[in-house]
Each structure stands twice: as structure tokens, then as C-alpha cells.
Undergrad: 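Here it is: the structure, laid out below.
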Amino acid sequence: MAQNQTRAASTLLVDSGGKYSFLKELGIAADNDGVFTGKWGGRGEVITSVCPGNGEPIARVKQGTLEDYNEAVVNARAAWEEWCEMPGPLRGEIVRQIGHALREKKDALGNLVSLEMGKIAVEGAGEVQEYIDVCDYAVGLSRMFGGQIFPSERPGHALMEQYNPLGVVGVITAFNFPCAVFGWNAAIAMVCGNTVLWKGAPTTPLTSVAITRIVTDCLKANNVNPAVVTTVCGGADIGEAMANDERIPLVSFTGSTPVGNKVGTTVQGRFGRSLLELGGNNAIIVDADADLDMVVPATLFAAVGTAGQRCTTTRRLILHEKVHDQVVERLKKAYSQVRIGDPLDEGILYGPMHSKQGIEVYKSAVEAAQQQGGKVECGGKILERAGNYVEPTIITGLAHDAEVVLRESFAPVLYVLKCKNLDEAIEWNNEVKQGLSSSLFTSDTGKLFKWIGPKGSDCGIVNVNIPTSGAEIGGAFGGEKHTGGGRESGSDSWKQYMRRSTCTINYSKDLPLAQGIKFE
């Protein structure tokens with residue numbers, strides 16, 4: 001997290017060495033420029049990034065102003081003039097090199113993600129790996145994307161599709177995945193021929209700085225204008241400028257549903273494109289015939305991982321009445337064995353909330369659940385220690401349509417619901433406003449295909465016998481309804497970063513007109 005505060009330089013973690021020596025490896029200093037427009041700078045406020053695991057300041061970052069933002073847009077557009085004409089496979093080769101550079105810094109960058117965001121070190125490294133993986137995917141894509149050729153009804157004519165890059169793609173990312181989500185967008189956008197302007201979360205500025213340095217060093221090494229990727233660390237004013245800016249044809253936004261709604265409507269108001277990845281009130285359904293040895297670790301991973309701060313976190317566990325009590329008892333035992341602590345320490349499975357605001361969301365959810373008839377089976381407390389720690393929590397006894405169940409609380413609180421059959425469970429899965437991820441545990445093939453069919457889950461991610469989190473980059477990632485409808489990463493998500501033209505080419509000497517019209 002980042003705070004506006006002044007502390008002596010000697011207290012910064014970047015200067016303390018030891019377990020934090022990886023910061024120097026990434027080029028992080030006590031004071032860092034938070035704007036890259038082709039060169040490093042920043043005219044804005046100086047903020048201090050604070051570690052959520054211990055409350056200690058890490059380093060300082062100078063944010064950008066609207067003047068910096070405008071410079072970034074102008075330079076990114078200028079860089080596009082050459083970048084868009086570079087053959088796709090050559091752009092792919094540069095993205096391949098970016099992936100290689102990320103591999104070389106994977107441990108250090110993963111530790112930075114862990115230190116600044118709060119997720120455990122294994123998850124931090126895994127997030128960097130996602131960026132690496134999507135670079136690999138984008139390299140192949142750079143030789144494969146293209147339109148179709150259709151049979152023309154007119155002799156001597158060809159009918160075809162042509163895809164071209166949009167220009168400058170704006171990417172606004174959230175605190176919970178400060179590396180991977182930028183990577184999903186940037187790698188695909190770049191091989192498609194776009195330049196990228198990135199605004200990371202204001203509470204994870206050091207991750208934005210470190211990644212930008214790695215990416216732009218690769219661009220420079222290939223004698224490419226480094227403004228192909230520009231970065232402006234800043235607050236809501238930068239995001240609002242991106243949403244309103246007609247020079248940015250596509251804005252990819254990851255964050256809360258209320259803010260995403262504002263971004264989407266603003267961009268639509270100027271007839272731009274938006275790619276929205278918003279909230280998720282995700283459910284795992286456990287049928288009576290499910291393998292409970294799979295259910296328990298899957299639920300633990302999906303509900304507790306990243307301290308409940310993933311968009312794909314399992315927030316509702318819908319259990320068939322025949323297995324309800326057994327699953328709850330096994331989950332309580334599993335929760336009691338979760339090791340809580342400094343996310344950089346070996347063997348820790350659960351770190352802090354990212355911010356004090358997250359603690360308040362957790363507290364509000366637990367209190368509301370109890371007021372609405374819920375029973376805290378385990379957890380429910382804020383831990384009295386340095387940092388932002390809360391207990392992972394299981395709550396039973398609530399109605400499926402209780403207000404607290406239907407709202408997304410970005411915290412490690414799992415609501416366990418008891419259902420009579422699969423039809424009822426599917427109805428409950430679909431009754432929330434969001435539609436991101438969902439999962440069914442069953443051994444019945446017929447139920448499996450009902451679940452993924454037209455009367456099954458209404459989510460963008462529909463899993464069977466795996467948890468709601470842990471999506472692969474080869475498939476399109478995103479959700480329906482209040483989740484925003486955007487798709488990132490694999491499948492045909494690349495089409496969102498390009499404009500499509502239908503081209504009719506007359507290579508004959510005749511001019512047959514539409515609808516048989518003839519001019520004498």
C-alpha cells in the first residue's frame with residue numbers, strides 16, 4: 001500500500017538490505033520516478049509505498065500529473081507510427097525477449113509483488129509467471145492472427161477481413177494483481193501493433209516502476225522507441241483522463257464494479273471501447289456425489305488464497321444437504337492449519353489484507369453476517385499485530401439471498417449455504433449481480449453438461465471439479481453481467497485490441513453494382 005507521508009530515509013526497507021536486497025536488484029531506490037514517457041520523470045506528489053505485512057515504508061515514488069499524462073499519450077502515439085508498421089512476428093520477437101527478461105527477474109519481481117501487495121511469495125512468483133506465459137502465448141499469436149477470406153458473389157472479386165491495431169491502448173490495473181493483469185493486456189496489445197499507456201494501482205507503484213523498467217529496457221535494446229510502453233503512476237485524476245481521452249481508443253480497466261461502471265459509461269460516451277474486468281461473487285457448488293477429498297483443498301485454496309482478494313476468490317460455498325455438515329467440519333480443520341504471517345517467510349500460506357480499508361470491509365462483512373443470522377464457524381477476528389492481518393473466516397446459517405451474501409466483500413469470508421438439489425444450487429449461483437467464475441464438483445456426467453449448458457452457470461468461467469480461481473492463460477478470461485463482459489488473455493481476446501475491416505477487392509475489368517443496378 002502507499003501512503004502520503006514523510007519518513008526518514010534510514011527507515012525505508014529498500015535501505016535495510018537483508019531479506020529486502022532484491023529491491024536493489026530491480027533498480028528500486030529510496031526515491032523513484034513514477035512516470036515513464038520515453039524517459040523517466042514525474043511532476044506530481046511524492047508518496048511512500050508501505051508494506052502491508054509489517055506496516056513499514058518500502059520506498060518513495062513521485063507520481064504523475066495531468067501534464068505528465070498528456071506527454072505520455074503524445075509520445076505513445078508517436079511511437080505507434082513506427083511500431084504498427086513493424087511486422088507482427090518481429091513485434092512478437094521483442095515480446096519474447098520481454099518474457100525472457102521477466103524470467104531472469106522472476107524471483108526478485110515476485111518478492112516485490114509479495115512485499116507491496118501482501119500475497120505470499122509463491123503467489124507473487126506465480127503472478128510473474130503468468131506474465132511470462134502470456135508473453136509466450138503472444139509470440140505464437142504474432143504469426144497467427146488474421147481475418148477470413150469469404151466467397152464473393154461477384155465474379156472477379158475477393159471478400160476478406162483485415163485486422164489492424166487501434167493505436168494507444170490504456171490499461172488501468174488493480175492492487176491485487178499488479179503484475180499479471182498488465183501483462184495479459186500489454187503482451188497481446190503489443191503484438192497486435194498497439195502501444196500501451198499503463199496506470200497501475202496507486203498503492204503498488206514500485207511494482208509498476210520495476211515492470212516498466214524491465215519492459216522498456218527490452219525495447220531500447222532493440223532500438224525501438226521505448227514509449228511503446230508508457231507508465232503514469234497516479235490517482236483517480238489520471239484514470240479519469242484516460243477514460244475521457246479520445247486519443248485512447250480502448251481502455252482496459254480492472255477494479256471494482258462501481259468504478260468500472262463509471263469508466264465504461266464515460267468511454268462509451270465518446271464512442272470508445274472499454275474492456276472491463278470487475279467484481280466476482282463466485283460460488284463453488286458441491287453435489288451429493290462429489291469427491292470431498294477434492295472439494296476441501298480446492299475450497300481452501302480458492303477462499304483463502306491471496307487473503308480473499310482475488311476477483312475469482314470463492315465467496316459462496318453451496319453444499320448439498322447430504323454433505324453439508326461433513327464438508328464444514330473438514331474445512332474448519334483445514335482452516336485451523338493455515339499458517340499466517342509475513343508473506344515473504346517460507347512456509348506461510350496466508351498473508352495480510354492489502355490495506356486498512358480491506359480490514360474494514362472484512363469487519364463489516366462479519367458483523368453484517370452475524371446480524372443477518374449467520375454463525376461464525378471459525379475466524380472472524382482482526383489480528384493484533386503489525387500489518388493488516390485478519391483471520392480467514394467461515395460463516396454458516398445464512399439464507400442464500402441474505403444481503404451480505406449477495407454483495408461482494410473483497411475479504412477472506414466464506415459463506416456456506418445448504419441446498420436440496422443441483423437445480424436449486426444453480427439458481428443460487430446465478431442470482432448474484434456478478435458473473436465471473438463458478439465451479440461444480442460432481443461425478444455425474446449428465447450434471448456436468450447441464451452445468452456448462454444454457455440452463456447452467458451464467459458466468460464467464462464455468463469449471464468442473466476445480467476451484468473458481470487459477471484460470472489458464474490459453475482461455476479467454478472475464479465474466480458476464482456486473483463483471484463487465486470483457487475478455488483478456490487467450491482464445492480470441494486479441495480481437496478486442498484491433499479494429500476489423502471488411503474489404504471487397506475488385507480485380508476484374510467489370511463493375512457489377514449491388515442490387516443489380518445498372519447505369520446506362
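The basis for the numbers below is simple: all heavy atoms, side chains too, and nothing from hydrogens, waters or symmetry mates. This structure is a prediction, so every number in the text was calculated from the model and none was measured.
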Undergrad: Please name the pair of heavy atoms, one in C135 and one in I98, separated by the smallest distance, quoted to 0.1 Å.
TA: SG-CG2, 4.3 Å

Undergrad: Starting at CZ of R103, measure out to CG of L109 and round the result to the nearest 0.5 Å.
TA: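 Rounded to the nearest 0.5 Å, the CZ-CG separation comes to 13.5 Å.
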
Undergrad: Consider only side-chain N and O atoms of N388 and K356, and report whether a donor and an acceptor are under 3.5 Å apart.
TA: yes

Undergrad: Stepwise, does the salt bridge (charged side-chain N to carboxylate O under 4.0 Å, His left out) test hold for K447 with D423?
TA: CA-CA 10 Å; K447 292 177 179 177; D423 288 340; over 6 Å; no

Undergrad: For Y389 and G53, work out which heavy atoms get closest and say how close.
TA: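 Taking every non-hydrogen atom into account, OH-O, 3.0 Å.
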
Undergrad: Is the backbone of E427 close enough, under 3.5 Å, to the side chain of E431 for a donor and an acceptor to pair up by distance?
TA: no

Undergrad: Do you know which two heavy atoms are closest between F177 and E130, and how far apart they sit?
TA: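 That would be CE2-OE2, 4.2 Å.
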
Undergrad: Taking the basic N atoms (NZ, or NE/NH1/NH2) and the acidic carboxylate oxygens, is any pair closer than 4.0 Å for D345 and K19?
TA: yes

Undergrad: Give every donor-acceptor pair under 3.5 Å between a side-chain atom in residues 22-30 and any protein atom, sequence neighbours left out.
TA:
none

Undergrad: Within the 3.5 Å criterion, strictly below it, is a donor on Q309 or H354 matched to an acceptor on the partner's side chain?
TA: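 No.
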
Undergrad: Can you tell me if R315 uses its side chain to pair, donor with acceptor, with the backbone of S409 under 3.5 Å?
TA: yes

Undergrad: Counting distance only, does the side-chain N/O of Y362 pair as donor-acceptor with the main-chain N or O of K381 below 3.5 Å?
TA: yes

Undergrad: For a quick check under 3.5 Å, do E116 and T207 share a side-chain donor-acceptor pair by atom type?
TA: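 A donor-acceptor contact under 3.5 Å links the two side chains.
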
Undergrad: For the pair E127 (side chain) and V113 (backbone), establish whether a donor and an acceptor sit closer than 3.5 Å, ignoring hydrogens and angles.
TA: no

Undergrad: For the residue pair D289 and T442, confirm or rule out a side-chain donor-acceptor distance under 3.5 Å.
TA: yes

Undergrad: With no hydrogens and no angle check, is any side-chain donor or acceptor of R60 less than 3.5 Å from a backbone partner on I47?
TA: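 A pair under 3.5 Å: no.
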
Undergrad: So, E403 and R407, do they make that salt bridge, N to O below 4.0 Å?
TA: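 R407 and E403: salt-bridged.
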
Undergrad: Please test L331 against L317 for side chain to side chain contact (heavy atoms under 4.5 Å, CB included), starting from the C-alpha separation and ending with a verdict.
TA: CA-CA 11 Å; L331 270 177; L317 179 62; 3.4 Å; yes

Undergrad: With a 3.5 Å distance limit and no angle check, can you tell me whether S364 reaches the backbone of E360 through a side-chain donor-acceptor pair?
TA: no

Undergrad: Among L349, L383, I348, which residue satisfies the side-chain contact (heavy atoms from CB on, under 4.5 Å) criterion with I340?
TA: L383

Undergrad: With no hydrogens and no angle check, do the side chains of K481 and Q434 hold a donor and an acceptor under 3.5 Å apart?
TA: no

Undergrad: Compute whether any side-chain donor of one residue and acceptor of the other, for E377 and T396, lie under 3.5 angstrom apart.
TA: yes

Undergrad: Write down the atom of G200, the atom of S208, and the distance for their closest heavy-atom approach.
TA: CA-OG, 3.7 Å

Undergrad: List for me each residue that meets ring-ring contact (aromatic ring centres under 6.0 Å, His included) alongside W494, sequence neighbours excluded, and say none if there are none.
TA: F145, Y163

Undergrad: State whether the side chain of R316 and the backbone N or O of N429 hold a donor-acceptor pair below 3.5 Å, judged by distance alone.
TA: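 Pair found, side chain donor or acceptor close to backbone of N429.
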
Undergrad: Just by distance, do the side chain of T393 and the backbone of G379 share a donor-acceptor pair under 3.5 Å?
TA: no

Undergrad: Side chains of W198 and T212 only: does a donor on one sit below 3.5 Å from an acceptor on the other?
TA: no

Undergrad: Using 4.0 Å as the upper bound for N to carboxylate O, is an ion pair formed by R330 and D325?
TA: no

Undergrad: Answer yes if the side chains of E123 and T306 hold a donor-acceptor pair under 3.5 Å, and no otherwise.
TA: yes

Undergrad: Nearest 0.5 Å, what's the CD1-OG distance between I188 and S489?
TA: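 Between I188 CD1 and S489 OG, I get 6.5 Å after rounding to 0.5 Å.
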
Undergrad: Quick check: does any side chain N or O of N430 sit under 3.5 Å from a backbone N or O of G456, one acting as donor and the other as acceptor?
TA: yes

Undergrad: Around atom CD of Q357, are there more than 12 heavy atoms from other residues, nucleotides or ligands closer than 6.0 Å?
TA: no

Undergrad: Hey, mind stepping through L448 and L440 against side chain to side chain contact (heavy atoms under 4.5 Å, CB included) and telling me if it holds?
TA: CA-CA 8 Å; L448 180 164; L440 169 66; 5.5 Å; no

Undergrad: Applying the side chain to side chain donor-acceptor pair (under 3.5 Å) criterion to T468, which one of T312, N282, T314 satisfies it?
TA: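 Going through the options one by one, the only one that passes is T314.
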
Undergrad: So do the side chains of Y20 and L344 get within less than 4.5 Å of each other, counting heavy atoms only?
TA: yes

Undergrad: Checking S114 side chain against G110 main chain: does a donor-acceptor pair fall under 3.5 Å?
TA: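 Such a contact is absent between S114 side chain and G110 backbone.
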
Undergrad: So, S493 versus E488: side-chain donor-acceptor pair below 3.5 Å or not?
TA: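 E488 and S493 do not have a side-chain donor-acceptor pair below 3.5 Å.
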
Undergrad: What distance do K262 atom NZ and T257 atom OG1 have between them, rounded to the nearest 0.5 Å?
TA: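 Reported value, rounded in 0.5 Å steps: 12.5 Å.
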
Undergrad: Strictly below 4.0 Å, N to O, side chains only: are R487 and E480 in salt-bridge contact?
TA: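 Salt bridge flag = yes for E480 with R487.
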
